[in-house]
Structure formats: C-alpha cells, structure tokens
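Inspection log for the structure reproduced underneath, given as structure tokens.
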Amino acid sequence: MMSGPGSDQPATIGSTQQTLTNEVISRVRHLDNLPQNVVTGAQHCILDTLGVAIAGVHEPVTTHVRADVLAEGGNSHASLWGTGEQVSRPQAALVNGTAAHAIDFDDVVSWMDGHPSAPLLPALMAATEGTAITGKHFIAAFVAGFETEALIGRLMKPSHYARGFHATATVGTFGAAAAVAHMLRLDEAQWSHAFGIAGSRAAGLKSMFGTMTKPLQVGAAAENGLRAATLAARGVTAHTDVLGTPQGFRDTQSDADGTSKVWTWTELSITEVLFKYHAACYLTHSAIEGALSLRESGVEPELIESVNVLVPAGHLQVCNIAEPSTPLEGKFSLRFTTAMAFATGDLSERAFSRASLMDPQVVALRNRVQVDARTDSDSRSSIVRVILTDGSEHVAEVDVNRPTPTSHLARRWDTLVTKFHSLVDPVMGMDAADRIVREVAGLSSAESLESLFSALSVPALDHHQNPVV
C-alpha cells in the first residue's frame, strides 16, 4: 500500500507474481494516495517540462512537425502549447512531445537511462484536456507513467541503451501509455493490451542524437503511448506479456535478465529525478560543473594550455561529437561544452548558437580539450584536469547524479521557477509565465485542469512581441 498524503514514510510499491508485464502493471496501476514529497516531485517535473516545451515552440523541428500536423487537419480536442491552436489528441501529443525534447533541457532519471517527462506529460495532457479529471488524479496518472518508465528502464538496463536504443523514446512509449491508462481507469486486461500495443510501436535510435529526429522520436513516443491506451480502451488486443514473452520487448531489445533487480526495488523513482540547469546533454553536466568550478577558482581561459576530461566510458557513445557543426550538435559535444564553460561560463539555451560555435576563443579552447574514458568503470563522476601555460595543474571532480533531499525541495522549486521564467518569458511574456507557474503550484488541489490549459493556450510572441497566429 502507498503511504497517505503528507506521510513521512517512504513510498513503496507492492507486487503479486504474475507475468512480467502484469507484474509491472500491478506496481503502478493503483498509485493514487501519494506522499507529499512524491506529489511535489511530480509538480516539479510538470513545471520543468512545460517550460522546456514552450521554449521549444520555435525550434525548427517543432515548427516543421507543427506545420505538417496543421496541414493534415483533424478534430480539435487538444492544445498546442504556446500557440493557441487546437488539433486532435494524438497530433497534440506528437507536437508537444517533440517540443518538450527539442532543446534537450528536460528532466532525467538514471533508472530509465533517459528523460521521463518529455514523452509522458504531452500524452497525458492531450488525453486529459476537456475532461473532468482533478489535479490529484492527474498527478497520480503522471506518477504511474513515470514509475512505469523507471521499472521498465531498470528491467532493460544496461544493454538496451548500450545497443543504441533511445530509451526516452522506446521506454517512454510505455510511460505515456501507462499514464493515459491510469487516467482512463482501464481494467487490468486493458492495461496489458495497452502495453502490448505500446511495445509494438516503441522505437528510437541513439544514432539520431544531434539531429532533429532525436526530439521527433520523443514526440512519436507520446503519440504512440496515447494511442496504445485509447486503442486498448476500445478493445484492440495485443500479446498480454510483451515484456516477458519470447520475441517480446525485453527479449529482442535487451541482453540482460533484470527481473530480480526490478522486484527488489521498492522506492518510487520520482524522488530521484534530476533536472538540467545547462541546456546540453545531461552526460556533459559533470564536466561542465567541473570546468565552472575551476573557472570560479581563478583559472583564466587565456592561460589554459590543455584540458583533459575523464568521463565514464558510456559517455563517449552519447556526447562526444568532436567538432560540432550545429548548435544542436554542440549540446552533444563534451569538448565544446567544456570549452564554453571555461570561456564564458554561460551554457543557457541562448548560448548555443552558430556564433558561439565559431567564436575564435571557444574554438581555440575546444581544440585544447581531450576527452578520455575513465578506467574505473563504477564511477559516475567526471574529472576535469587543466594544465596552464605556467605548468601548474588544476583538477576538479564532480558527480551531478545525486538526487535532491526532501528538505531541499522548496529550494529546488524556486530554482526551477527561475529556469522556467528564463525559458518562457521570451516566448509568452512574464505575465503568461507567472500564470502557468501558479496553476502548476496549485495543481494538487485543483478541481480541474481547465485553468492550466487556458494558461498554456496563450499564443507565443514573435520577435516583435506580437502573438503568433
């Protein structure tokens, strides 16, 4: 049983041994009475995801997908955030899901090896708009989707991601399906069919990192997860053990039998969610923080002779683009982000531009950065070692993978509100941003989400401060 609202007891997930798929479902289907720290964590994820999605409204990939959807047409049931436009529910999930990952600034959970909220929230909101769901029910559905992603992600680790699958898109499809299934109150059999449909549609490749298709894969995960749940609700059937059956999702896309790891895990993963405060791949963040700490300690960029960055070996397959040619590639370049940290200390969304890619000081520093894998395979931290022109050595080691203690959640909310305004104010204006913050802050006691949807429907501003129509 889950702890009640406001309880100081840790949240746990009960289980009964069934098929592997039903085992996962039984752990998330009845997540309703949540402790306050879990509710708070969900609100943090929701605010952060809305912020990065609204900031992604004008990204090229979002505008292309949005144009395609509008040209296609459809019944107007759900909002495209920050545009004032209405499209069909699956179309809204696709566009908003793409936008939520377009600037690669969304939340992270290690058990999933990915970004849980970007595929999940757009699907859930598309399914919810126009219904009478309460804020409490909405948050519970969000947490159910989040925990589904963490459970299945843990089940698939580490070979799924190592093989080259984009877990945010693949595992995220299940999270989106679970959130909508919880919101629709599907029965256990319908949940199983929804997971089967989701597993058959889940796709995403790491080879797409640094391209527009990376966020498009996440938008597709939101759309596919939403459709999986709604089709199951209408009676579409699938194999009911897509996770455990031979030639199912785990069998075809993972090498490891992670069952024991999943069933001995009792904590809710949303308490371990991590947020980005630099607009780049999360695996660059430890190195960025190391470089920033050295910069703050007095290391001057013009005196740097060489930089050696030591990272966990897996980072080299994700964010090691040596000479990025686009701002998007720059977000997946340890050399570039480390150089930016030393040169300017600014790794905000606006800092990733063609001008910064070609800046002579940044390019010169980037060319002095060497990235290597750590030999101690168990370490999660990154080491930044700098040699200055006078021969002196300066070293920083940073691990950004530690979750926020419950006692610091209020401080984290304030930090996320600041991040939200930095992303949303330029797009929708400060007043519209303030309104969204208030709606999310009061979500747990809201009788409906109508006011939140209304706040999200304010059209974005163009560069001349006129609404986009």
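Scope of the values below: all heavy atoms of this structure, side chains included, with no hydrogens, waters or symmetry mates. None of the values given here were measured: they were computed from a predicted structure. One-based numbering along the sequence shown.
Within the 3.5 Å criterion, the main-chain N or O of F336 finds no donor-acceptor partner in the side chain of R366. Side-chain atoms of R374 come within 3.5 Å of backbone N or O of S381 as a donor-acceptor pair. Here the side chain of D359 pairs a donor or acceptor atom with the backbone of V362 at under 3.5 angstrom. Although no hydrogens or angles enter the test, the distance criterion places a donor-acceptor pair under 3.5 Å between the side chain of H182 and the main chain of L31. In this structure, the side chain of K331 engages the main chain of I103 through a donor-acceptor pair within 3.5 Å. Distance alone, capped at 3.5 Å, places no donor-acceptor pair between the R163 side chain and the P158 backbone. Under the 3.5 Å distance criterion, the side-chain polar atoms of K157 are left unmatched by any main-chain donor or acceptor of D113. Under a 3.5 Å cut-off, the side chain of S356 and the backbone N or O of F352 do not form any donor-acceptor pair. Checking side-chain atoms of D106 against main-chain N and O of V52 turns up no donor-acceptor pair under 3.5 Å. Side-chain atoms of S286 come within 3.5 Å of backbone atoms of V400 as a donor-acceptor pair (strictly under, hydrogens ignored).
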Determine, stepwise, if the pair S454 / R435 fulfils side-chain hydrogen bond (donor to acceptor under 3.5 Å, both in side chains).
CA-CA 10 Å; S454 175; R435 183 181 172 194; 2.8 Å; yes
Checking L334 against V369 for the side-chain contact (heavy atoms from CB on, under 4.5 Å) test, could you report, in this order, the C-alpha distance in whole Å, the side-chain angles of both residues, the deciding distance, and whether it holds?
CA-CA 9 Å; L334 278 159; V369 177; over 6 Å; no
Verdict with supporting geometry, F249 and S254, side-chain contact (heavy atoms from CB on, under 4.5 Å)
CA-CA 8 Å; F249 187 71; S254 175; over 6 Å; no
Using the side-chain contact (heavy atoms from CB on, under 4.5 Å) rule, take F332 and K214 through it: C-alpha gap first, then chi angles, then the decisive distance, then the call.
CA-CA 12 Å; F332 293 88; K214 182 176 190 275; 3.6 Å; yes
Pair H137-D32, side-chain hydrogen bond (donor to acceptor under 3.5 Å, both in side chains): steps then yes or no:
CA-CA 7 Å; H137 183 182; D32 288 303; 5.8 Å; no
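Take F146 and apply the ring-ring contact (aromatic ring centres under 6.0 Å, His included) test, not counting sequence neighbours, and it matches no residue. Listed by chain and residue number, nothing satisfies the ring-ring contact (aromatic ring centres under 6.0 Å, His included) test with F453 (two or more places apart in sequence, or in another chain). Legend: residues meeting ring-ring contact (aromatic ring centres under 6.0 Å, His included) with H101, ordered by chain and number and at least two apart, are H115, H166.
No side-chain heavy atom of V424 sits under 4.5 Å from any side-chain heavy atom of L50. Within the 4.5 Å cutoff, no side-chain heavy atoms of S333 are placed close to those of C281. Side-chain contact check for K276 versus H285: some heavy-atom pair is nearer than 4.5 Å. Counting heavy atoms from C-beta outward, V273 and H44 have side chains that stay 4.5 Å or more apart.
Taking all atoms of both residues into account, the shortest heavy-atom contact from P327 to S353 is CG-C, 3.7 Å. Across every non-hydrogen atom of G210 and E329, the tightest pair is O-CG, 3.7 Å.
Paired with T170 under the rule side-chain hydrogen bond (donor to acceptor under 3.5 Å, both in side chains), one option of Q253, H160, E149 passes, and it is H160. Residue V386 is tested with L303, V395, V307 for a side-chain contact (heavy atoms from CB on, under 4.5 Å); the sole match is V307.
Put simply, OG1 on T62 and CG on L80 are 10.5 Å apart, with the number rounded to the nearest 0.5 Å. To the nearest 0.5 Å, atom OH of residue Y277 and atom OG1 of residue T418 are 9.5 Å apart.
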